[in-house]
Amino acid sequence: SSSSSSSSDHKMAPVDAPPGTLRWKIIRLMTWTESNTKRCASELLWTLCESNPKEFVLRTGFGNAVHMMGIKGLVKLPKDSTTATADTIR
């Protein structure tokens, strides 16, 4: 059903980050191919979220946040896959 799909998708995209806003642009840098750019953008938003994982996911979306949360040791990534689920957040 579409209601179960929408409830599971609500953490995948950032809240209140319309295209063209500064946060939207920084979130785009979180998926940049150059690793220093990606890390700096992620660290900036992590700091602005006061190192709070739930706030970070809320403000950036889980798909964008998972790499940084893995670096911080907050998400267990499966050994045989590069994907994680929202259930892996500590």
Side-chain angles (χ1 to χ4, degrees):
S1 77
S2 65
S3 65
S4 65
S5 173
S6 64
S7 67
S8 65
D9 292 342
H10 77 281
K11 291 183 182 177
M12 294 307 289
V15 297
D16 191 31
T21 61
L22 180 58
R23 184 159 33 112
W24 180 83
K25 290 176 182 180
I26 296 171
I27 290 170
R28 290 207 34 183
L29 292 175
M30 290 175 67
T31 60
W32 215 251
T33 56
E34 201 277 313
S35 63
N36 288 328
T37 301
K38 180 188 307 189
R39 180 71 185 261
C40 288
S42 298
E43 288 284 357
L44 172 63
L45 290 173
W46 177 257
T47 301
L48 291 173
C49 290
E50 300 178 349
S51 303
N52 180 326
K54 292 184 189 257
E55 183 74 15
F56 188 65
V57 169
L58 178 72
R59 299 296 174 193
T60 64
F62 183 74
N64 297 316
V66 71
H67 180 257
M68 183 62 165
M69 293 181 62
I71 290 171
K72 299 292 184 184
L74 300 169
V75 173
K76 278 193 208 174
L77 296 175
K79 292 183 181 181
D80 61 345
S81 175
T82 58
T83 60
T85 65
D87 296 333
T88 61
I89 297 177
R90 292 183 185 165

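Along the sequence shown, residues carry numbers from 1.
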Practice task
Could you tell me the separation between the CG atom of N52 and the CZ atom of R59, rounded to the nearest 0.5 Å?
Solution key: 10.5 Å

Problem - K72: side chain to side chain donor-acceptor pair (under 3.5 Å) partners, not counting sequence neighbours - result: E43

Completion exercise
Of all heavy-atom pairs linking A41 and I26, the shortest is CB-O, 3.7 Å

Exercise for the section: Identify, with sequence neighbours excluded, every residue that meets side chain to side chain donor-acceptor pair (under 3.5 Å) alongside T37. Expected result: E34

Practice task
Report the C-alpha distance between L58 and E55 in whole Å, list the side-chain angles of each, state the deciding distance to 0.1 Å, and finish with yes or no for side chain to side chain contact (heavy atoms under 4.5 Å, CB included).
Solution key: CA-CA 5 Å; L58 178 72; E55 183 74 15; 4.1 Å; yes

Practice task
Check step by step if side chain to side chain contact (heavy atoms under 4.5 Å, CB included) holds for M68 and L45.
Solution key: CA-CA 10 Å; M68 183 62 165; L45 290 173; over 6 Å; no

Handout entry: Full working for side chain to side chain contact (heavy atoms under 4.5 Å, CB included) between R23 and L48
Key = CA-CA 11 Å; R23 184 159 33 112; L48 291 173; over 6 Å; no

Exercise for the section: Kindly state each residue pair satisfying ring pair (Phe, Tyr, Trp, His ring centres under 6.0 Å) with at least one member in residues 28-55, sequence neighbours excluded. Expected result: W46-F56

Completion exercise
So CG of L29 and CG of N64: to nearest 0.5 Å the spacing works out to 11.0 Å

Handout entry: Rounded distance (nearest 0.5 Å) linking atom CD1 of I27 with atom CE of M30
Key = 7.0 Å

Problem - same_hphob_cluster(L44, L74) at 4.5 Å side-chain heavy-atom cutoff - result: yes

